[in-house]
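Below is one structure, written out as structure tokens; comments come after it.
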Amino acid sequence: MEEFAEVKISGKSYELPVITGTEDEKGIDITKLRALSGAITLDSGFKNTGATKSAVTYLDGENGILRYRGYSIEELAEKASFMEVSYLLINGELPTTAQLSEFEGEITNHTLIHEDMKRFFEAYPSKAHPMGIVASLLCSLSTFYPDSQNPNRTEEEIELTIFRLLAKLPTIAAWAYKNFVGHPVVYPKNELNYGDNFLNMMFSLPSEDYKIDPVVSDALNKLLILHADHEQNCSASTVRIVGSSHANLYSSISAGVIALWGPLHGGANQAVIEMLESIHADGSPLEDWINKAKDKNDPFRLMGFGHRVYKNFDPRAKIIKKAADDVLSKLGINDPLIDIAKQLEEVALNDEYFKARNLYPNVDFYSGIIYKALGIPTEMFTVMFALGRLPGWIAQWKEMIENKEPIGRPRQIYTGENERSFVTAEKR
Ligand code: SDX
């Protein structure tokens, strides 16, 4: 039975259809609001505004639920491979054995980047932040594959670009790391799986090959799955809106990387470790830091805490917190930062300010501790987030294109000057 919302403006009433999602979420469809009433809606930061209908990921922030194409994040993190989850997000179903083998085979065959791209690295400063390199080289891939710039691509051409992106991002990411540490690049090895190939390109040296540790391999697989998608977050929305102008997929993904870099978004995982290291070095009582985070006059915030959607535990944070304990104990690492993180969590969760605002640890609070234990430097943490999020961004872009969604162009409420006449400089 169709449902309607009634809006009253200047004494006149308007009826707007209410749409209901698969999980009974309600949305007021305002498509016709301006034509009917001349009014628009205003919602800075889109805190209450849906930008699209999507079948990719479901989030329930109140109950801490996250599902990719209907499968719970807990099951996928425990039982799936990152390649299976990538296939699931992009194609909507878990792959059969044959489909997975073909998917992985296609990706394996595209892991090299054009040798000319090595010259890019000669131009970057040695300590160039890897996110800046990754965003630039992803966009530059569109110049090496000019066919990808054609907005009327065939499905096969889109699929080839998707394979190239999934295949080449680990290579670009690992080479950005090698540039950061001043080591020679390591080429992909086709006999290794996706995550192990990345680790090998990151940590192998001319003097010795990296020895794949199953603990590290499993932790990376889990982390990539946990970061794979998160519905209409800032970077996914960026990918969608850039893609809605029919800019090519490489450039849309590059825009997503840039949005993710911000410390309020994916850059928080780097900011969390830097925060924990400051707290560790400073030695002040944790309450002092909690009070700083609560002080409106102090720019300090408890990084890795709070979330636009989760008003309960971020289910990913729970899994990562346990994985951090497992990885540290299996690798025999005693990192004081995890104890500080746990104590900080304990103090914050019992503090009225955090409880009143439903601020809980998010995906970024513990992830850096695992990346650090895997030997990944802080500057690479957000690149790791991008590596995981790539299939999600691709899935969101693909859905937007397949649904033939219009170019994104929000409205505004103007608050500037009324009309006024030009006056010459002498009269100003
Ligand atoms: C990610 O959207 C996604 O799905 C993102 C993500 C994904 O997978 O794509 O989950 C990944 O980006 C996780 C978030 C990583 N960012 C951080 O950890 C940075 C620290 N967190 C905050 O900056 C903040 O919580 C945000 C940005 C995450 C959410 O901000 P909102 O939804 O705009 O909420 P807000 O800033 O308006 O905060 C509401 C209140 C405010 O206080 P009052 O004005 O009500 O008094 O809570 C306070 C804020 O000051 N607050 C915090 C806080 N986070 C919110 N106070 C102290 N420390 C914090 N971390």
Side-chain angles (χ1 to χ4, degrees), residues 43-51 54 56-62 64-68 73 77 85 89 131 223-240 256-276 279 286-320 341 344-345 347-349 351-368 381-382 384-393 395-396:
D43 183 18
S44 177
F46 312 113
K47 293 193 175 189
N48 308 285
T49 299
S54 177
V56 178
T57 290
Y58 173 67
L59 283 194
D60 175 337
E62 278 63 36
I65 294 172
L66 170 58
R67 297 186 200 128
Y68 297 159
I73 193 64
V85 169
L89 285 167
M131 281 295 275
L223 282 166
L224 292 175
I225 289 171
L226 290 167
H227 286 83
D229 193 55
H230 215 237
E231 55 134 277
Q232 306 311 314
N233 58 82
C234 176
S235 54
S237 302
T238 303
V239 170
R240 277 178 172 260
V257 170
I258 293 164
L260 186 75
W261 197 356
L264 293 187
H265 191 13
N269 58 16
Q270 173 174 343
V272 166
I273 288 295
E274 290 165 350
M275 172 185 75
L276 294 174
I279 292 171
L286 292 181
E287 284 70 18
D288 295 359
W289 291 91
I290 293 289
N291 290 332
K292 272 172 67 72
K294 292 155 54 173
D295 179 355
K296 295 300 172 204
N297 300 316
D298 190 321
F300 176 78
R301 290 182 94 138
L302 198 57
M303 300 312 278
F305 251 77
H307 198 275
R308 172 63 55 78
V309 176
Y310 289 121
K311 301 309 171 193
N312 193 320
F313 248 93
D314 180 333
R316 303 166 296 174
K318 272 186 188 171
I319 299 169
I320 293 174
L344 211 49
E345 175 186 345
V347 175
L349 294 186
D351 179 282
E352 205 34 59
Y353 171 95
F354 286 82
K355 285 200 291 193
R357 292 165 178 79
N358 296 309
L359 302 177
Y360 290 86
N362 59 50
V363 67
D364 293 313
F365 193 61
Y366 286 102
S367 55
F381 287 5
T382 312
M384 299 307 294
F385 195 141
L387 209 54
R389 185 53 54 89
L390 178 59
W393 284 332
Q396 297 287 343

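In listed order, ligands and their atoms are each counted from 1. The residues of the chain are indexed from 1 along the displayed sequence.
- Considering only heavy atoms from C-beta on, Ser54 comes within 4.5 Å of Gln396 through its side chain.
- Atoms CD and CG, from Glu287 and Leu344 in turn, are 9.5 Å apart once rounded to the nearest 0.5 Å.
- Among protein residues, Lys47, His230, Asn233, Pro263, Leu264, His265, Ala268, Ala293, Lys296, Arg301, Leu302, Met303, Gly304, Phe305, Gly306, His307, Arg308, Arg316, Tyr353, Arg357, Leu359, Asn362, Asp364, Phe385, Arg389 come within 4.0 Å of ligand 1, judged on heavy atoms.
- Using a 4.5 Å cut-off on side-chain heavy atoms (C-beta onward), Gln270 and Met131 make no contact.
- When the ring-ring contact (aromatic ring centres under 6.0 Å, His included) test is applied to Phe354, the partners found at least two apart in sequence or on another chain are Phe305.
- Residues satisfying the ring-ring contact (aromatic ring centres under 6.0 Å, His included) test with His265, not counting sequence neighbours, are none.
- Here Asn312 pairs with nothing under the side-chain hydrogen bond (donor to acceptor under 3.5 Å, both in side chains) rule; sequence neighbours left out.
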